[in-house]
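Below is one structure, written out as structure tokens; comments come after it.
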Amino acid sequence: MHPTCLILFGAPGSGKGTQAKLLAGRCVKGPHISTGDILREHVQRGDDLGFGVAAIMASGQLVPDELVSRLVRERIGRPDCRNGFILDGYPRTVPQAKLLAGMLDGRGFDCVVIHLKVDYNKVIARLSGRRLCPQCGALYSVAPNAPTISEVCDYDGARLMIRDDDREEVVRERLETYAKQTLPLLTYFREEPGCRFVEVDGTAGGPHTVVKEICAQLEKIRRSEPG
Ligand code: AMP
């Protein structure tokens, strides 16, 4: 069995981050790589890269393809990605998908794209009710992914906050950006012979139901592989 490059694809609020955290080390051997998290770390550190992307991120638009792809190339080249990895939030444009194909070329990964399908209205409800732990990065949403105690992180007790780009006007911009720049990728993935493409209902039950479905789909793909 080859190592898996799992691409979680879906609208903002479709649950990519939650699913990636549940999947990492479970049915994909390897780390969860979120380009949003990597970029936010640079912004928090206040380094040159973070300074350059902060305004773009705060407005809900996309940072340049070459920049984010350089970060991904560096990250997936590290030893912990040898046995596989999960991409959350990358690729987000067709040029990024082509750059990723170049990075993976000849490295022996099986590429699987999981499209987390969600209802637009549910996405809006999830994003506007979403809370972030400023200490550990855990994301909470409306039930069934609400924190046990309202506004408090289950893991470390920190007071939850609203992510800057989860504010209503930015959510609208993020969804527009998704429709314009990211949705065309669906056609690309469906037609791309190098990647297996699977659709999963991202709102069927809670996060644990969805992760079970993704693992079942991955098993099915692995069993159908020659060798
Ligand atoms: P996320 O946490 O994935 O929603 O990403 C937060 C923000 O980071 C996005 O709204 C973009 O501004 C930026 N970002 C994350 N991933 C990418 C990407 N693959 N391409 C361009 N911008 C990205």
Side-chain angles (χ1 to χ4, degrees), residues 3-25 28-104 107 109 111-114 116 127 130-140 153 155-156 158 160-167 170-171 173-174 177-178 181-182 185:
T4 305
C5 159
L6 184 74
I7 298 170
L8 285 176
F9 183 88
S14 58
K16 299 187 296 292
T18 303
Q19 288 306 314
K21 284 190 183 78
L22 292 171
L23 284 162
V28 178
K29 287 196 205 95
H32 161 207
I33 301 171
S34 153
T35 43
D37 284 351
I38 296 174
L39 291 164
R40 275 185 291 278
E41 276 164 28
H42 282 281
V43 172
Q44 261 166 15
R45 274 206 299 269
D47 58 20
D48 284 351
L49 194 153
F51 191 72
V53 299
I56 302 175
M57 291 177 72
S59 70
Q61 288 166 359
L62 296 183
V63 309
D65 291 332
E66 293 290 342
L67 186 154
V68 70
S69 300
R70 193 154 39 80
L71 295 173
V72 171
R73 183 190 304 278
E74 188 278 321
R75 181 64 190 88
I76 67 175
R78 292 194 209 158
D80 64 338
C81 291
R82 254 198 312 253
N83 295 322
F85 52 87
I86 302 165
L87 291 175
D88 156 18
Y90 183 91
R92 249 172 159 110
T93 63
V94 173
Q96 288 180 21
K98 290 185 175 164
L99 287 166
L100 176 66
M103 294 177 216
L104 296 177
R107 291 187 56 191
F109 286 100
C111 174
V112 180
V113 178
I114 303 278
L116 282 172
L127 287 175
R130 203 152 85 155
R131 295 290 183 277
L132 168 77
C133 172
Q135 279 181 37
C136 71
L139 267 181
Y140 297 90
C153 180
Y155 302 101
D156 55 27
L160 300 177
M161 53 180 275
I162 301 179
R163 221 172 83 171
D164 274 350
D165 57 358
D166 280 345
R167 287 171 209 288
V170 185
V171 164
E173 180 65 34
R174 285 166 70 201
T177 303
Y178 173 77
Q181 290 176 265
T182 308
L185 254 184

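Fair warning: this is a prediction, and the values are worked out from it, not measured in the lab. The figures that follow rest on heavy atoms only: side chains count, while hydrogens, waters and symmetry mates do not.
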Nearest heavy atoms of Ile7 and Cys111, plus distance in Å: CD1-SG, 3.9 Å
4.5 Å side-chain heavy-atom contact, Ser14 and Phe9: no
Verdict with supporting geometry, Val63 and Met57, side chain to side chain contact (heavy atoms under 4.5 Å, CB included): CA-CA 7 Å; Val63 309; Met57 291 177 72; 4.1 Å; yes
Lys/Arg-Asp/Glu bridge criterion (N-O < 4.0 Å) met for Arg131, Asp166: no
Cut-off 3.5 Å, no hydrogens considered: what does the side-chain donor-acceptor table look like for residues 89-97, sequence neighbours left out?
residue	atom	partner	partner atom	Å
Tyr90	OH	Ser69	OG	2.8
Tyr90	OH	Gln96	O	3.3
Arg92	NH1	Gly89	O	3.0
Thr93	OG1	Asp65	OD1	2.9
Thr93	OG1	Gln96	N	3.1
Gln96	OE1	Arg92	N	2.8
Gln96	NE2	Asp65	OD1	2.9

4.5 Å side-chain heavy-atom contact, Leu39 and Leu49: yes
Glu173: partners by side chain to side chain contact (heavy atoms under 4.5 Å, CB included), with sequence neighbours left out: Gln61, Glu176, Thr177
Contacts of Leu104 that satisfy side chain to side chain contact (heavy atoms under 4.5 Å, CB included) - sequence neighbours left out: Cys5, Ile76, Phe85, Leu100, Phe109
Pairwise distance NZ(Lys29) to CD1(Ile86) - rounded to 0.5 angstrom: 12.5 Å
Separation between CZ of Arg163 and CG of Leu139, rounded to the nearest 0.5 Å: 6.0 Å
Leu8 CG to Gln19 CD distance, which is reported to the nearest 0.5 Å: 7.5 Å
Euclidean distance, Glu41 CD relative to Leu71 CG, rounded to 0.5 Å: 10.5 Å
Shortest non-hydrogen contact from Gly10 toward Lys16: O-NZ, 3.0 Å
Side-chain heavy atoms of Ile114 within contact of Leu6, under 4.5 Å: yes
